[in-house]
A.B. asks: 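Encoded as C-alpha cells, here's the structure I'll be asking about.
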Amino acid sequence: MPLVSTRQLLDEAAKGGYGVGAFNVNDMEQIQAIMEAAKETNSPVIIQASRGARAFAQDNYLYHLMLAAAELYPQIPLAMHLDHGNSFETCESAIKLGFTSVMMDGSLKPDGKTPATFEENVAVTKKVVDYAHERGISVEGEIGVLGGIEDGHGAGGSGLDHVTDPDQAVEFAELTGVDSLAIAIGTSHGAYKFTKKPDGSVLKMDLLIAIHKRLPNTHLVMHGSSSVPKDLQDIINQYGGKLKETWGVPVEEIQLGIKNGVRKVNVDTDNRLAITGAIRKVLWETPEKFDPRDYMKPARAAMQKVVALRMTQFGQAGHASDYTAISIADMAKGYKNGTLVTKPLVAAK
Ligand code: 13P
C-alpha cells in the first residue's frame, strides 16, 4: 500500500470507534519494530518524526525508510506524519519531502518554547491547512499548550499550566479547518509526567469530554500518552540506569479518551524506555560484546512488544484490512470539492 493520509486513518478509526497509535521514530530499527508490531496485530499505523528526528536521521534517509516500510508491508495502512512542526516552512518542507500529514503546533511561537497568542496560532495553522489540503495532506493543530519538553520542543512545566479552553477549541477548529486537534488536558511529553500514581483525577477528562461534545466530528489527539510502565523503568535501573520514580498516563485514561473522540494517541517515551532497558541489559550482562546487532536486536524486539500491546489497547488491532488506501491526489480532490469536510460540526453548549 502506498503511504496513506492520516485523515483517512482517523476517519476510519472514528467509524470503528478505536484509536490509532502514532509512534515516534529516529532510525531504521524503530520503524522495523513498529511495522512488525503492525503486522503481528494487523493494525493500521501512524509513524511520526519530529524536527529533532529529521535532524538526527536526515530527511532523505527517513523518507526512504518509510517507503521501504510501505513496500515491505503492503497490507498495512501506514501514514507518515510530522510531529510538532514549529512553522509554515517546517511543514512545507515535510510536505515537499513526502509526509502524508503534518502537525502545525502553533500553540508555541517558532522558537518551540514560548506560548503563542490565539491569533498567531490561528494565522499560521490556517496558512498550513490551505497549503496542505491543496496537496491532499492532512493537518493536526494544537490548542492549549502541552507540558514538558520533547526533542527540545515544548513550553516545559506541568501539563496543567495551559489546558485547552473548549470555546477556544471550537473557534480554532472553525477558523482553521484542521483535520485533527491536539488538546491539552494535563499530559506532558517525556518520562517525568506525574510524581505520584495518577488516581483518575489527574487528567482533565471532563474537559476532553466537553470538547468532544462541542466538536463531535473533529478527531482529537492525545499527546504525551506514554504510560511509563514500572517494569520498563525497573529494567533500566536494574542494569545501571538512574531513573527517578515517575508515573505516566494510565492506559485506562487513554481508553476513556478514545471513547470520547480521541483518534490519534502519541507515544514515544515508552519505546525509548524499552530500547534503553534492552541495550543496558545486554551490555551489563555480557560486557565483552561489541557487535551492535547483539543489543539492537533485543532493543528492537522490546520496542515491538510495547507497540503491539498499545495497538491492542488502543483498539486499532485487527483493522488493517478494513479499507483500501485513498490516493493523496484523490484526497486533494476531496478537500477541493468539499467531500472531505473540514468545517467542523459544532454542537450547542
Ligand atoms: P510521550 O513522551 O508521552 O511518549 O509523548 C510523545 C508525544 O506526545 C509526541 O508528540
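In this text the structure is predicted, and so the values were computed from the model without any measurement. When a ligand or atom number is given, it counts from 1 through the structure's own listing order.
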A.B. asks: Under 4.5 Å between side-chain heavy atoms, hopping through other hydrophobics if needed: is there a path connecting L78 to I95?
C.D. replies: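 Yes, L78 connects to I95 through the hydrophobic network.
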A.B. asks: Going by atom types alone, do T125 and T176 pair a side-chain donor with an acceptor below 3.5 Å?
C.D. replies: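 Side-chain D/A pair, T125 to T176: absent.
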A.B. asks: Using a strict 4.0 Å cut-off to heavy atoms of H189, name the atoms of ligand 1 that fall inside it.
C.D. replies: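 Per the distance check, 2 (O), 5 (O), 6 (C), 7 (C), 8 (O), 9 (C), 10 (O).
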A.B. asks: With backbone taken as N, CA, C and O and side chain as the heavy atoms from C-beta onward, which portion of N24 lies under 4.0 Å from ligand 1: side chain, backbone, both, or neither?
C.D. replies: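 Side chain only; the backbone of N24 stays clear of ligand 1.
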A.B. asks: Strictly distance-based, threshold 3.5 Å: is any side-chain N or O of D83 a donor or acceptor partner for the main-chain N or O of S50?
C.D. replies: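 No: the side chain of D83 does not pair with the backbone of S50.
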A.B. asks: Could you establish whether M103 and ligand 1 come within less than 4.0 Å of each other, counting only heavy atoms on the residue side?
C.D. replies: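 In this structure, M103 fails to qualify as a contact of ligand 1 - no heavy atom is under 4.0 Å.
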A.B. asks: Is it the case that ligand 1 has an N or O less than 3.5 angstrom from some N or O of S226?
C.D. replies: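 So ligand 1 has an N or O lying under 3.5 Å from an N or O of S226.
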A.B. asks: Would K289 and Y295 count as a cation-pi pair here, with the cationic atom under 6.0 angstrom from the ring centre and within 45° of the axis?
C.D. replies: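 Checked: cation-pi criterion not met.
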A.B. asks: Is there a donor-acceptor pair closer than 3.5 Å between any side-chain N or O of D105 and the backbone N or O of G85?
C.D. replies: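 No.
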A.B. asks: Which ligand 1 atoms does H223 reach within 4.0 Å, using its non-hydrogen atoms?
C.D. replies: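 Heavy-atom distances to H223 below 4.0 Å select 8 (O), 10 (O).
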A.B. asks: For N266 and H223, test the side chains for any donor-to-acceptor distance below 3.5 angstrom and give the result as yes or no.
C.D. replies: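 Yes, H223 and N266 have a side-chain donor paired with an acceptor closer than 3.5 Å.
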A.B. asks: What atoms in ligand 1 come closer than 4.0 Å to a heavy atom of D83?
C.D. replies: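 Selected atoms, number and element: 9 (C), 10 (O).
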A.B. asks: So is R54 actually on top of F56's ring, under 6.0 Å and inside 45° of the axis?
C.D. replies: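 No, cation not above the ring by the 6.0 Å, 45° rule.
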A.B. asks: Quick one: does K193 get a heavy atom under 4.0 Å from ligand 1?
C.D. replies: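 The answer is yes, since K193 has a heavy atom less than 4.0 Å from ligand 1.
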A.B. asks: Residue-level breakdown please: for S50 versus ligand 1, do any non-hydrogen atoms fall below 4.0 Å on the side chain, on the backbone, on both, or on neither?
C.D. replies: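 Looking at S50 and ligand 1, no heavy atom falls under 4.0 Å.
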A.B. asks: Considering only heavy atoms of H84, which atoms of ligand 1 have at least one such atom less than 4.0 Å away?
C.D. replies: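 Close to H84: 10 (O).
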A.B. asks: Between V267 and ligand 1, find which residue part has any heavy-atom pair under 4.0 Å and reply side chain, backbone, both or neither.
C.D. replies: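 Just the backbone.
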A.B. asks: Checking the N or O distance criterion of under 3.5 Å, is ligand 1 in contact with G190?
C.D. replies: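 Yes: some nitrogen or oxygen of G190 is under 3.5 Å from one in ligand 1.
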A.B. asks: Report the residue from V267, T269, L273 that forms a side chain to side chain contact (heavy atoms under 4.5 Å, CB included) with N271.
C.D. replies: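 Answer to the side chain to side chain contact (heavy atoms under 4.5 Å, CB included) test with N271 among V267, T269, L273: V267.
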A.B. asks: Under 30°, 30 to 60°, or over 60°: which ring-plane class applies to Y335 and H133, parallel, tilted or perpendicular?
C.D. replies: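 Judged by the thresholds at 30° and 60°, the geometry between Y335 and H133 is parallel.
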A.B. asks: Would you check the N or O atoms of N266, main chain and side chain alike, for any that come under 3.5 Å of an N or O of ligand 1?
C.D. replies: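 Yes, N266 has an N/O under 3.5 Å of an N/O on ligand 1.
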A.B. asks: Near G224, which atoms of ligand 1 are under 4.0 Å from a heavy atom of that residue?
C.D. replies: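 Per the distance check, 1 (P), 3 (O), 5 (O), 7 (C), 8 (O).
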